[in-house]
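Mind having a look at this structure? Questions to follow.
The basis for the numbers below is simple: all heavy atoms, side chains too, and nothing from hydrogens, waters or symmetry mates. Keep in mind the model is a prediction, meaning the values are calculated, not measured.
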Amino acid sequence: MLEAFFRYEFLQNAFFTGVMIGLLAPMLGVFLVVRRLSLIADALSHITLSGIAASLLLGKHVVFFQGLNPLYMGMVFSVGGALLIEQLRSVYQYYKEIAIPIILSGGIGLGVVFISLADGFNNDLFNYLFGSVIAVTRSDLWTILGVTIVVLVVLTLFYKELFFLSFDEEQAVVSGLNRKLVHFIFIVMVALVIAASMRIVGILLVSSLMTLPVAAAMRFAKGFKQMFVYSILFGQISVIGGLILAYQLDLAPGGTIVILAVLILIGSIAVDKMMGARQINWKRAYGKK
């Protein structure tokens, strides 16, 4: 594996891209889970599929799109879907959660229409759906690197505001925080990361990488910052371990990464229950002494 890594450029692209995705997805996933917005990732991943399918369709008829990375069109659709979700959340103020299934359904519908117009699936679209190590190009790597830098800078600048909104939104608004602006910036970051993640994990599985490591981290973390650390750790183990297993066993990388993340989650729940049982037994045995 190590020899092949230094020999083949596509393995290097997949590894470095995976490391960045394993950092960004759980990091933003912490805020999504805490704010109970996990399903937004599913909605945006489906609208991103529409963008990818539209780009591949246009590539058959328009010269400009033939040389354009479909990832860019996917990002445009993803950001547009994020903005639409925010608009719908303001329209349905008492039923804000309905905005997510609306965009999810619309994304699926558009994607199916574009795929049918393009005469069905092709290898490129299949790779975007389920992820592919071979499909990650140097262009994808530089694009995801740019997204990583932007997201890390924005998170550093707006960490306190996002933390405040995550735990006490009403108090944050009363204190003068511009909730709409901060949430707009956050949702755009989520859209960019989802679009960037599709090459490795695949559109249909990208939301898993934003929620499963966080769910596992919640079993051990004793604070918000610890949740960040554990989420990123579990995310990196899932991505790097999944890529290695996928290469060695000739499996789809997206599915392998997600299965590994599920196993980590199951293991974390089992360990947490065992530790809890030991503490109860310890208290029973020595609590009165």
For residues 212-230, run the donor-acceptor check on the side chains, cut-off 3.5 Å, and write out each pair with its distance to 0.1 Å, sequence neighbours left out.
{"from": "R219", "atom 1": "NE", "to": "D272", "atom 2": "OD2", "distance (Å)": "3.3"}
{"from": "R219", "atom 1": "NH2", "to": "D272", "atom 2": "OD2", "distance (Å)": "2.8"}
{"from": "Q226", "atom 1": "OE1", "to": "K222", "atom 2": "N", "distance (Å)": "3.0"}

Applying the 4.5 Å side-chain criterion to the ILVMFWY set and letting contacts propagate, would V258 and L249 be lumped into a single cluster?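 V258 does not cluster with L249.
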Assigning hydrophobic clusters by single linkage (Ile, Leu, Val, Met, Phe, Trp, Tyr; side-chain heavy-atom cutoff under 4.5 Å), is I21 placed with V188?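 In one cluster: yes.
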Please list every donor-acceptor pair under 3.5 Å in which a side-chain atom of residues 98-114 meets a protein atom from a residue at least two apart or in another chain.
{"from": "S105", "atom 1": "OG", "to": "P101", "atom 2": "O", "distance (Å)": "2.7"}

Quick check against the 3.5 Å criterion: does S268 have a side-chain atom that pairs as donor or acceptor with the backbone of L265?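 Indeed, once roles are kept as given, a pair shorter than 3.5 Å links the two residues.
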Any chance you could lay out the side-chain contact (heavy atoms from CB on, under 4.5 Å) test for I194 and M210, step after step, and finish with the verdict? CA-CA 9 Å; I194 286 173; M210 283 190 157; 3.9 Å; yes
Taking only residues two or more places apart in sequence, or in another chain, which ones meet F186 in a ring pair (Phe, Tyr, Trp, His ring centres under 6.0 Å)?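 Scan of F186 (ring pair (Phe, Tyr, Trp, His ring centres under 6.0 Å), adjacent residues dropped) gives F31.
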Can you name the closest pair of heavy atoms from I85 and A43 and give their distance?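 Looking at all heavy atoms of both residues, the closest pair is CD1-CB, 4.2 Å.
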Partner residues of V19 under the side-chain contact (heavy atoms from CB on, under 4.5 Å) criterion, sequence neighbours left out: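 Per chain and number, V19 pairs via side-chain contact (heavy atoms from CB on, under 4.5 Å) with F15, Q236, I240.
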Excluding sequence neighbours, so at least two apart, what forms side-chain hydrogen bond (donor to acceptor under 3.5 Å, both in side chains) with Y159?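 By the side-chain hydrogen bond (donor to acceptor under 3.5 Å, both in side chains) rule, Y159 matches no residue at all.
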Would you kindly confirm whether L83 and M73 end up in one hydrophobic cluster when ILVMFWY residues are joined by side chain heavy atoms under 4.5 Å apart?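 Same cluster: L83 reaches M73 through Ile, Leu, Val, Met, Phe, Trp or Tyr contacts under 4.5 Å.
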Qualifying residue for side chain to side chain contact (heavy atoms under 4.5 Å, CB included) with V151, from V154, V147, T148: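 Answer after filtering V154, V147, T148: V147.
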What's the separation between atom CG in L117 and atom CG in L57, rounded to the nearest 0.5 Å?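 Reported value, rounded in 0.5 Å steps: 5.5 Å.
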Taking L145 as the starting point, is it possible to reach V239 by hopping between hydrophobic residues whose side chains are less than 4.5 Å apart?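 Same hydrophobic cluster.
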Measure the spacing between CG of L251 and CD1 of I257 and express it to the nearest 0.5 Å.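 The distance works out to 11.5 Å.
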Any residue meeting side-chain hydrogen bond (donor to acceptor under 3.5 Å, both in side chains) with T143, in chain and number order, not counting sequence neighbours: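 Counting only residues at least two positions away or on another chain, T143 forms a side-chain hydrogen bond (donor to acceptor under 3.5 Å, both in side chains) with Y72.
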Which distance, rounded to the nearest 0.5 Å, do you find between the OG1 of T48 and the CG of L44?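 It comes to 6.0 Å.
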Rounded to the nearest 0.5 Å, what separates atom CD1 in I237 from atom CG in L263?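 Separation between the atoms: 12.0 Å.
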What I'd like to find out is whether the side chain of L141 reaches to under 4.5 Å of the side chain of M20, using heavy atoms alone.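 In short, these two side chains touch, coming nearer than 4.5 Å.
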Nearest 0.5 angstrom please: S78 OG to I47 CD1, how far?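 Those atoms lie 8.5 Å apart.
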Mind listing the closest non-hydrogen atom pair of I187 and E86 along with its distance?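 Scanning both residues, the minimum pair turns out to be CG2-CG, 4.1 Å.
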Common cluster, L192/V76, ILVMFWY with side-chain heavy-atom separation under 4.5 Å: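 L192 and V76: separate clusters.
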Find the distance between CG (L28) and CD1 (I40) and round it off to the nearest 0.5 Å.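 Rounded to the nearest 0.5 Å, the CG-CD1 separation comes out at 12.0 Å.
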Output yes when a side-chain donor or acceptor of S45 lies under 3.5 Å from a complementary backbone atom of D42, and no otherwise.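 Confirmed, S45 side chain pairs with D42 backbone.
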